[in-house]
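Please read these numbers as outputs of a predicted model, since none were measured by experiment.
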Amino acid sequence: MLWLIGGALLSVVIVSTGLMIDRQTALAERGRIEHAVLDRLRHVKSEIETQILRDTDLALSIADDIADDSMISPPEVNRMIARTLTDNSHIQSIRFEPLSDPGRMAFTPAIRQTERTFVIDIPVPPLPWQAQQGWISLIIAIDGNRFFDDHNLLSDDELPEHKEHDHTKLAVTLPSVTGGDLVFGDPTIFDEMPVTLAVTEGGLDFQIFGVPADGWDAAMNRMLPSRLLVLAGVVAMMISVLLAVFLLSERNLNIARLRAREQRLLELSERFQLALETSNTGIWEIDPVTHALIWDNRCAGLHGLPESLADDEDRLADWFASLHAEDVGKGEQLYFDCVVAATADRWDISYRVPLSDQSFRYLRSVGARTIDGSITGIVCDVTTDTLVTQSLSRAKENSDIKNAELELALEELSSREHQLAEASQRLDLALGSYNCGTWEGDPVTRTAIWDERMHQLYGVPFTDKAVTEHVWLSRLHPDERGEIQLATKRAATLDQIINTTQRVVLQNGEMRYIRSVGQPHVGRDGKKKLIGIAFDVTADALLAEQLRSAKAEADMRNIELELAKNRIEFNALHDPLTSLANRRKLDLELDMLGRSGDRQATRFAILHLDLDRFKEINDTLGHAAGDAMLVHASRILMKHVPRGDLVARIGGDEFVVLARRQTTMEELATLASKIIAEMRLPLDFEGFDCRCGVSIGIAQAQGPAPDARKILINADIALYQAKEKGRNCYEFFTPDLQANIVAKKRMADDILAGFDRDEFVVFYQPQFEASSMQLCGAEALIRWRHPDRGILASGNFLKVAEDLNVMARIDELVLQTALKDQMRWTALGMQVPRISVNVSSKRLHDGNLIDQLKGLAISPGSICFELVESIFLDESDTLASDNIEKIKSLGIDIEIDDFGTGHTSIVSLLKLKPKRLKIDRQLVLPVTVQPQERSLVRNIVEIARSLGIETVAEGVETHEHAGILRQLGCDYLQGYAFAKPLSFDDFTRFVDHLPQRKAS
C-alpha cells in the first residue's frame, strides 16, 4: 500500500513535471521565434553593410578613374557621372567640392548623414581643367528612402512562402540631426515589443527592428504537436514509474533477505577467524598458473619466518628452506604431484621445522584443489600432539571438527552467493526491460555505486568500485556540469526528488542524452544517500535536433539558390571554380584585339600556363585537392598579373594571361619567374603538402593587324617546348620553335607513311658465348629505310614514334619479322639459337598480348623479350606482372635491358625472375681504363650469378673489352668488336663465314 501511495505521489510529480515541460517548451518556442527574427535582422544587417560597401567601392572606382587618367575631359566625367546615376537610382547626385580638411588621407572615404541623405566624401586630385592645384572632395549623395526601397533591404518578399518560415516585419531608424529618429520601413512595429539589432558602418549608426509578420501570439499557436509529444512522454513515464514501483518493492524485499543472509555469513566468518586465531592455524594458497605459494602471517610465524611484505609475495622458497632436511624430499614429491603434474587433488603433509634451540616444531599442512584450479589449505602446529600420543588423538578430533566446520562454512557461503546471484539476475532482467541503470550516491564522500548498465550508459569501463564525482562530471557536457551538480546538491540538502536530463559525451565523440531520476534515502546506519535510476532518452532528443537541423538546412539551401540565380550572368563568362575569365571570355577579347588591329598597330602578349603534376594530385588526393590547387593557382595569377590584364582558365589545368599593353621580354620573364617561384611553394590540403609546378609559354604580338589567335597558338608551341625542357620553367616563342614543331610533324607523317610503304626493316646484331665464342643468338633492332635520308637508327625516330603511340605496332613488326627470318635461317640450315626482341611498356600493358603470342606458335627458348630497365613494376601494376608470368609460361625468356641505368632493384629482380641481364654499354666501355667501373661490373655479375641470372655485356668495342669481360664472368658478349647490326642478307653471310673468322 505504501508503494502504491508513493507511486501515486510520483505520478502527480510526473504530471506536474509535464506541465513544467510544457511551460518550458512554450518559452523555448518564444525564444526560437525571437532567434528567427534576430537571424532575419542579421541578414538585413549584412545586406545593409554590403550595399554601403558596394556604394563606397563605386565611389572609389570613380575616384580611381579620375586619378588614373590625367587627360580626362569634362564630357568624359559627365558621361561617367550620368552612367553611374542611371545604373544606381538611389544615388541623388555626384559633385565636386573644395576639400574641407586638407590633412585628410587621399582616397580615404568618409560617410556622414544629413537627415534622410547619406553622403560619401572622398579626397581626389584636382581635375585637369581646374585652375586650382589643391585636392578636392568627390561628394556622392544617396537618398536614404531609395537606398532601402530599391534594394529591397526591408522587404520579406524574396523569402519562400511555406509553413515552416516565419515572415518578419522590419524597420530601420537613424538618429536625426534635429532630434528624434528617422524611420525607414514599417513604423507600426514599435508597439509590438520588436527585437532590435545595432549596425555601425562607416559613420552611420543604424537600429534595425523586427517582429513576426503575424504577431507574437499567432506565432506561438504552433505548439500542439510538441504538447502532444510531452503528453505521450508523461503517460509513458507514469507507466514506467508504476512498473518501477512494483519492481522496486520486489527488489527491496530481496535486498532485505540478502542482508539477513549476509549478516549470517558475517557471523560465520567471524567465528571462523576466531577459530583460526585460537588454534594458531595459518591459511595458504598455491596459484595454479604461477605456482606461487602465498600464506598469511600465522603461516609465517609457524615456520619461524618474517611476515610477507606484500599480500601476493611468493613464499615457496622460504617454505622449502624451513623444512627439515629429511622432510624436503617428501615436500617436493607432494608439491610435484599436486601442483606441477596435477595428478593429486588433496594436499596432506606433516613435517618438521628446526628451531633455534635445536628442537623441532611439528606442523601439518592440509589442503585441496578448488574449482578455479588453485590449492587452498591450512597449516597448524601439531608439536604437542606428536610428543604426546594422547594429545595427538585429541588434536586429531579437534582438527576434524575444524575441517568440518570450515567445509560447512564454505558450503553455506557458496549457497548464499548462489541465492544472491539469482536475486540480482531477476532484478537486472526487470531493469533491463527498460534499459534502466541503478545508482546509489553518497553526498558525504561524493561517490556513487553504479551497476553495469549505468557504466554502459555513461561509457565508463565497468568496475565494482565506487565511481567518483570527478569521473561522473567528466562524462557530462561542459555546459551542463554546473547545473547538474547544483541540482544534485539541492536534492540531497533539501530532500527533494532529482529529475534531470544530462548530455553525456562518449569517448568516440558521440552525444547521448540520459534521464536520471532519484530521491534521498536514509539507511539503517543513519547515513543519507541518493538512490535512483537512469535511462537513455537519446532518440527523443535527436529527433528534435534533426527537425531543427532540417529547417536550418532548408533555409540555407534557399539562400544558396538565390545566390546562384544572381551569379548566372557572371558565370556565363567566368570559370565557376576560380572566378577567372573562361574560354568564351578569352575568345571575345581576342576577337576585339583582332578588330582593333585593323585600324592601328597593336602590341600585346599572351602567356599560356599549364600546371605540372596536376594529374598526380587529382589521382592521389582526389578532385577536391585538384580544385584547391586550381584556386591556389588562380590567386597567384591574380596577385602578380597587373591590373587591366586578362587572366582566364581555358581548360582543366590550363590558364592564359592576356597582357593588353606594351610589354618587354624582361617584364614578361620577371612575371613568369614570380609565378613559377610562388607555385613551387606547397599548398596545405587537409594535412597534406600539395606541390604543383607550372610551365609557361610566352608569345608577343608585333606589327599592324596581328592575328590574336595565331599568337595564342604560338604561346602553346612555346609551352610545349617548356615542357620538353623539363617543366616548371618558361619559354618564349621563336621561329626556331615553330621550325622544330614542323620538323616533328613532318617526321610523324613520314613514320605513318613508312608503315604503309614497308620502309621499316629489322637488323640483327650477333651475340656470342664469352667462354667458347660460339654464336648463341642475336638482338633484333628496328631500322628505318628512309627514302631520302637512308638507313636511320632507332634513336632518330623512336621518340616521335612514342608520341604517335605506334610503339606497340613497331614491337609487333619486329617480333613477326624475327620469327619469319628465324624460319628462313632454319630452312637454310643455319642455327640461330635465340633472337632477343625489345618490348615497350605499352606493348607489355596490352591486354590482348598473350592471345597474339599464342597465335604465333613460338618455340620455347627461341625468342627472348628484352624489357628496358625503366619499366618499373610496382605492386599495383598487376596487368604487366600477369602478362610477364604468362609470357614465361609460353617458353619466352625475359631479359632486363640497359641494366644499371634505371630503377631495377634486387627486390625487383627477385620478383621478376628474368633469365638474363644486359649490362649497359655506359658501364662496359670504361672497364679497360677505370678499375672502379670494372669492380662495378664484377659486382653486377656476382649478384646476377647468386640469383641464378645470366649476364650479357653489350657495347663490347674491342677484343680487350672481350677479354676483360670474360675474366669478370660475363656469360655472353655483344658489340662492334664482333659485328654491327646487320640486315638479314648481311647477317646470313656473316654466319656462313663465321668459322673462317674464328680460324683467322
Glu412/Arg416 under salt bridge (Lys or Arg N to Asp or Glu O under 4.0 Å): CA gap, chis, key distance, verdict:
CA-CA 6 Å; Glu412 181 69 15; Arg416 303 292 185 188; 2.4 Å; yes
May I have the step-by-step check of side chain to side chain contact (heavy atoms under 4.5 Å, CB included) for Asp555 and Asp39, ending in yes or no?
CA-CA 11 Å; Asp555 294 340; Asp39 285 344; over 6 Å; no
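- Nearest heavy-atom pair, Ile617 versus Ala625, reported as atom, atom and distance to 0.1 Å: CG2-CB, 3.9 Å.
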For side chain to side chain contact (heavy atoms under 4.5 Å, CB included), just list the numbers for Val471 and Trp450, CA-CA rounded to whole Å, side-chain angles, deciding distance to a tenth of an Å, and then say yes or no.
CA-CA 12 Å; Val471 174; Trp450 287 1; 5.7 Å; no
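- At distances below 3.5 Å, not a single donor-acceptor pair connects side-chain atoms of Thr500 with backbone N or O atoms of Gln502.
- Not a single donor-acceptor pair under 3.5 Å links the side chain of His291 to the backbone N or O of Asp287.
- Across Asp296, Leu406, Asn297, a single residue satisfies side chain to side chain contact (heavy atoms under 4.5 Å, CB included) together with Ile283, and that is Asp296.
- No donor-acceptor pair closer than 3.5 Å links the side chain of Ser46 to the backbone N or O of Arg42.
- Arg453 places a side-chain N or O within 3.5 Å of a backbone atom of Cys436 that can act as its donor or acceptor partner.
- Counted within 6.0 Å of CZ on Arg259, heavy atoms from surrounding residues, nucleotides or ligands total 12 or fewer; the atom is thus considered open.
- At least one donor-acceptor pair under 3.5 Å links the side chain of Thr538 to the backbone N or O of Tyr513.
- Around atom CE of Met20, no more than 12 heavy atoms belonging to other residues, nucleotides or ligands sit under 6.0 Å away.
- Salt-bridge annotation for Arg557 and Glu553: present, with a side-chain N of the basic residue lying under 4.0 Å from a carboxylate O of the acidic one.
- Between Gln496 and Pro520, the shortest heavy-atom contact is O-CD, 3.3 Å.
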May I have the step-by-step check of side chain to side chain contact (heavy atoms under 4.5 Å, CB included) for Arg32 and Lys551, ending in yes or no?
CA-CA 12 Å; Arg32 185 197 66 78; Lys551 181 182 182 303; 4.0 Å; yes
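- Sparse packing is recorded around CD of Glu483, with 12 or fewer heavy atoms of other residues, nucleotides or ligands lying under 6.0 Å away.
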Assess whether side chain to side chain contact (heavy atoms under 4.5 Å, CB included) is satisfied between Asp495 and Lys528, documenting all intermediate values.
CA-CA 10 Å; Asp495 292 337; Lys528 180 186 293 185; 2.8 Å; yes
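- Ile498 and Ala491 make their closest contact through CB-CB, 3.9 Å (heavy atoms, listed as atom of the first residue, atom of the second, distance).
- Atom CZ of Phe688 sits in a sparse spot, with 12 or fewer heavy atoms from other residues, nucleotides or ligands closer than 6.0 Å.
- Here the side chains of Gln456 and Glu452 are in contact, with some heavy-atom distance below 4.5 Å.
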